[in-house]
Amino acid sequence: MDNWDSPQNILVILAHPDDPEFFCGATLAKWSRAGHHITYQLITCGDKGFNEATLAEMTTDALCAIRHEEQVAAANVIGVEAVHFLDRPDGYLVADIDLRREIVRVIRKFRPDILVTCDPQTLFAVYGVNHPDHRAAGQVVMDAVFPAAGNPVFFPELLVEGYVPHMPKEIWCSLTMQPNVKVDVTETWPTKIDAILKHKSQIADLDKFLERMKSRRTQDSTDENPRYEENFRVVKYR
Ligand SMILES: [Zn+2]
């Protein structure tokens, strides 16, 4: 962030609606407040994200539509300028060549300075085993950035479509067990919570959720002065 002297174009590519807010929403809100431009690209619409509160009489199509709306509402709270969906089927993401081409197209289309995704190496997360879609999303984004997005020899059909090579200058991997950057997000933590609360279909027990979010405060926090951080593995390309 030290060299972000002008407003940066920030593209967030993650698997599901609610991933941006849960993984790094407070950091995104902080960046938005600082004048940076943020766009979301979600790979699925989270159409299998059922819980006991949404299971009855719900179809995947209906849930997909609900989750589009919830994601746009949450993004508005964060200060995101645009939200896009690829609507790949939830739960079946594989970091294959087809998806890599699609992500290279997205990177070349939006031409971000900063790309945000999640760490593909996180198999065991704080809450148990990490979702395979999260791992696949992180993997395909890393694979798309290097060596494909900035190299015209990769996916020449995209050149024909008009998508010329583009290389982001930094990748920020959220949901990591190997952080090299910790962002103090105490100020925007309440915004993160407000944004997550827009994902109503995903919150079965509000009290439990609020308790869980409170428990995320740093170890040096006190009741009078709680402090919150979000962690990233950052890779700089230039
Ligand atoms: Zn997810």
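Note that ligands are numbered from 1 as they come in the structure, with each ligand's atoms numbered from 1 the same way.
- Here D133 does not reach the Zn ion (ligand 1): none of its N/O/S atoms is less than 2.8 Å from the metal.
- In this structure, E102 places its CD atom where more than 12 heavy-atom neighbours from other residues, nucleotides or ligands lie under 6.0 Å away.
- Note on ring orientation: taking the six-membered ring where Trp is involved, the planes of W4 and H36 are perpendicular (angle over 60°, cut-offs 30° and 60°).
- The aromatic rings of F146 and Y237 lie parallel to each other, their planes meeting at an angle below 30°, with 60° marking the opposite boundary.
- Taking 2.8 Å as the criterion, H131 does not count as a coordinating residue of the Zn ion (ligand 1), since none of its N, O or S atoms falls below it.
- Per residue H16, closest N, O or S atom to the Zn ion (ligand 1): atom name ND1.
- Within the structure, side chain to side chain donor-acceptor pair (under 3.5 Å) pairs that include any residue of residues 189-199 comprise E21-H199, R33-T191, K192-E230 (at least two apart or interchain).
- Its N, O or S atom nearest to the Zn ion (ligand 1) is what matters here, and for D19 that atom is OD1.
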